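Quick notes on the structure that follows.
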Protein chains: 2
Amino acid sequence: MTDDDRVFKALADPTRRFLLDLLFAREGQTLTELESAVEMTRYGVMKHLKVLEEADLVVTRRSGREKLHFLNAVPIREVHDRWIDKYTERHVAALMDLKHELESES
Amino acid sequence: MTDDDRVFKALADPTRRFLLDLLFAREGQTLTELESAVEMTRYGVMKHLKVLEEADLVVTRRSGREKLHFLNAVPIREVHDRWIDKYTERHVAALMDLKHELESES
DNA sequence: TTGACATGTGACCATCTGGTCACCTATCTT
DNA sequence: AAGATAGGTGACCAGATGGTCACATGTCAA
C-alpha cells in the first residue's frame, strides 16, 4: 500500500476525520480525552488512531503513562498538492461549470 | 451517508482514483474503453463507476448503446474548499515544520 | 432479422473493516 | 505495597467492500 493510499483510506472514515478535527481544535490530547468526545469504546478509538498514525496524519509523544496525540497536516498537504490540485485548478472548475450549464439547458 | 462521506469513500480506492485519472486525461470514455485500461473484468469496473457516480465525481451521458463518462471535479473542489483547506493553510504547515524540527532535536 | 456489441442485474464469495470484549502491562499516588 | 489510572493486545463478530459469473436487455449493422 502506498503512502497516498494510506492517507486516502484513513480519511475515508467519518470518525477518523472527526478525530482529526478534535486534534486540530486542541493538540496533545490523550486517548482518554478523545474517547470521551466520541460515541465509542476506547478500543474503537485506539484502532482509528492507529490507522491515522500509520498514515502519518497523527504523531504521538509519550509523557509518563499518557500518550499525547498531535495532528500532522503534512501528508494531507502532499496529497493535496500533487493529486487534488489538478482537479481543482481554476480552469477545470470553470469548464465544469460551463458543462453543467449546457447540460441543464438541454 | 453525507455527500462528503461519499466523496471521501469514493476516493479511498486506488482503482477509482485511476479511473478518474483516465477520465481526466480524456473525457467521454465508455465502459469498454475504461475496462481495457484496468486489470479487472467489466463488472468490477462497473461497480467502481457506480460508486463514483453516486459520489457525483463522474457524470454520464448515453449515446445509443454506449454510455459516456465524464469527470466532475466539483465535489472534490467542495470537499477541498471546506475541509482540506483548513489543514493545509500556510501557517499550519509552517507550525508543523517547526514542530518536527523541535522534535528531531530532542 | 440475425448476430454481434455495449451495458445492466442479481447472486455469490473472500476478504477487509469497524467495533467490542477479556485480559494484560505500565505508571502514578498515597 | 496497593489501588487507581492510562494504555495495549489478540480473539472475535457482523456488516461492508471488491471482485467474479451467469444471464438478460437494448442497440447497431449487414
Side-chain angles (χ1 to χ4, degrees), chain A residues 1-23 26-71, chain B residues 1-23 26-72 75:
Chain A
M1 186 152 60
T2 70
D3 284 358
D4 273 18
D5 207 36
R6 259 184 290 272
V7 173
F8 277 113
K9 283 216 163 81
L11 293 177
D13 184 275
T15 301
R16 287 196 288 268
R17 292 199 300 278
F18 183 61
L19 288 171
L20 292 182
D21 285 341
L22 290 174
L23 293 178
R26 185 161 61 82
E27 290 216 288
Q29 295 192 62
T30 65
L31 169 61
T32 309
E33 285 171 325
L34 294 169
E35 175 205 348
S36 71
V38 159
E39 283 295 306
M40 192 182 300
T41 64
R42 187 164 61 83
Y43 313 101
V45 179
M46 277 187 54
K47 278 205 179 179
H48 284 306
L49 288 174
K50 185 170 180 236
V51 173
L52 290 169
E53 277 191 66
E54 283 170 355
D56 199 31
L57 286 165
V58 161
V59 295
T60 64
R61 198 180 68 221
R62 280 212 82 110
S63 165
R65 60 181 163 182
E66 296 185 326
K67 186 174 179 182
L68 310 180
H69 297 78
F70 300 84
L71 172 64
Chain B
M1 184 150 61
T2 70
D3 285 357
D4 273 17
D5 208 37
R6 260 184 288 273
V7 174
F8 276 113
K9 283 216 164 80
L11 293 178
D13 184 276
T15 301
R16 287 195 289 268
R17 292 199 301 278
F18 183 60
L19 289 171
L20 292 182
D21 284 341
L22 290 174
L23 293 178
R26 183 162 62 84
E27 290 215 290
Q29 295 192 61
T30 66
L31 170 60
T32 309
E33 285 171 323
L34 294 169
E35 176 205 347
S36 70
V38 158
E39 282 295 307
M40 192 182 299
T41 65
R42 186 166 60 84
Y43 313 101
V45 178
M46 275 187 55
K47 279 204 178 177
H48 284 305
L49 287 173
K50 185 170 179 234
V51 172
L52 290 169
E53 277 191 66
E54 282 169 358
D56 199 32
L57 287 165
V58 162
V59 295
T60 64
R61 198 180 70 222
R62 280 212 82 110
S63 166
R65 61 182 162 181
E66 295 185 327
K67 186 174 179 185
L68 310 180
H69 297 79
F70 299 84
L71 171 64
N72 180 20

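On a predicted model such as this, the values are computed, not experimentally measured, just so you know. Excluded from the calculations below are hydrogen atoms, water molecules and symmetry mates; all remaining heavy atoms, backbone and side chain alike, are included. We name chains A, B, ... by the order of the sequence lines, and we start the count at 1 in each one.
Each of Arg62(B) and Arg16(A) was matched to the nucleotide of DNA chain C holding its nearest heavy atom; the match closer to the 5' end belongs to Arg62(B). The nearest heavy atom of DNA chain C to Lys47(B) and to Thr30(B) marks one nucleotide each, and the one closer to the 5' end goes with Thr30(B).
Atom CG of Asp5(A) is separated from atom C1' of dT17(D) by 14 Å (rounded to the nearest Å). One can place CZ of Arg42(A) at 9 Å from P of dG8(D), the figure rounded to the nearest angstrom. Computed from coordinates, the Glu33(A) CD to dT5(D) C1' distance equals 14 Å when rounded to whole Å. As a whole-Å value, the separation of Glu66(B) CD from dC28(D) P is 9 Å. Rounded to whole Å, the distance from CG on Leu68(A) to C1' on dA6(D) is 11 Å. Between the CD atom of Glu39(B) and the C1' atom of dG18(D) there is a distance of 16 Å, rounded to whole Å. Remark: P of dA6(D) and OH of Tyr43(A) are 13 Å apart, rounded to the nearest angstrom. dG19(D) atom C1' lies 18 Å from atom CZ of Phe18(B), rounded to whole Å.
Judged by distance alone, the side chain of Arg6(B) and the main-chain N or O of Met1(B) form a donor-acceptor pair under 3.5 Å. The backbone N or O of Thr60(B) lies less than 3.5 Å from no partner atom in the side chain of Glu53(B), so there is not a single donor-acceptor pair. The backbone N or O of Glu33(A) lies less than 3.5 Å from a partner atom in the side chain of Thr30(A), making a donor-acceptor pair. Judged by distance alone, with hydrogens and angles left aside, the side-chain atoms of Asn72(B) form a donor-acceptor pair with the main-chain N or O of Asp56(B) at under 3.5 Å.
Regarding contacts with the backbone of dA16(D), every side-chain N or O of Lys9(B) stays at 4.0 angstrom or more from both OP1 and OP2. For the OP1/OP2 pair of dG19(D) and a distance below 4.0 Å, the side-chain nitrogens and oxygens of His48(B) include at least one atom meeting the criterion. Considering only side-chain N and O atoms, Thr15(B) lies nowhere under 4.0 angstrom from the phosphate OP1 or OP2 of dG18(D).
A salt bridge links Asp5(A) with Arg17(B); the closest basic N to acidic carboxylate O contact falls under 4.0 Å.
Using a 4.0 Å heavy-atom criterion, one finds that Lys50(A) contacts no nucleic acid atom at all. Counting any heavy atom pair closer than 4.0 Å across all strands shown, Gly64(A) reaches sugar-phosphate atoms only and no base atom.
Rounding to the nearest 0.5 Å places CG of Leu19(A) at 11.5 Å from CG of Leu57(A).
A nucleotide of DNA chain C counts as in contact with chain A when one of its atoms lies under 4.0 Å from a heavy atom; the first and last such, 5' to 3', are dT17(C) to dC28(C).
With distances taken from any side-chain atom of Met46(A) to the nucleotides dG8(D), dC21(D), dG18(D), the minimum falls on dG8(D).
For the pair Leu31(A)/Arg42(A), a side-chain contact is recorded, criterion being any heavy-atom separation below 4.5 Å from C-beta on.
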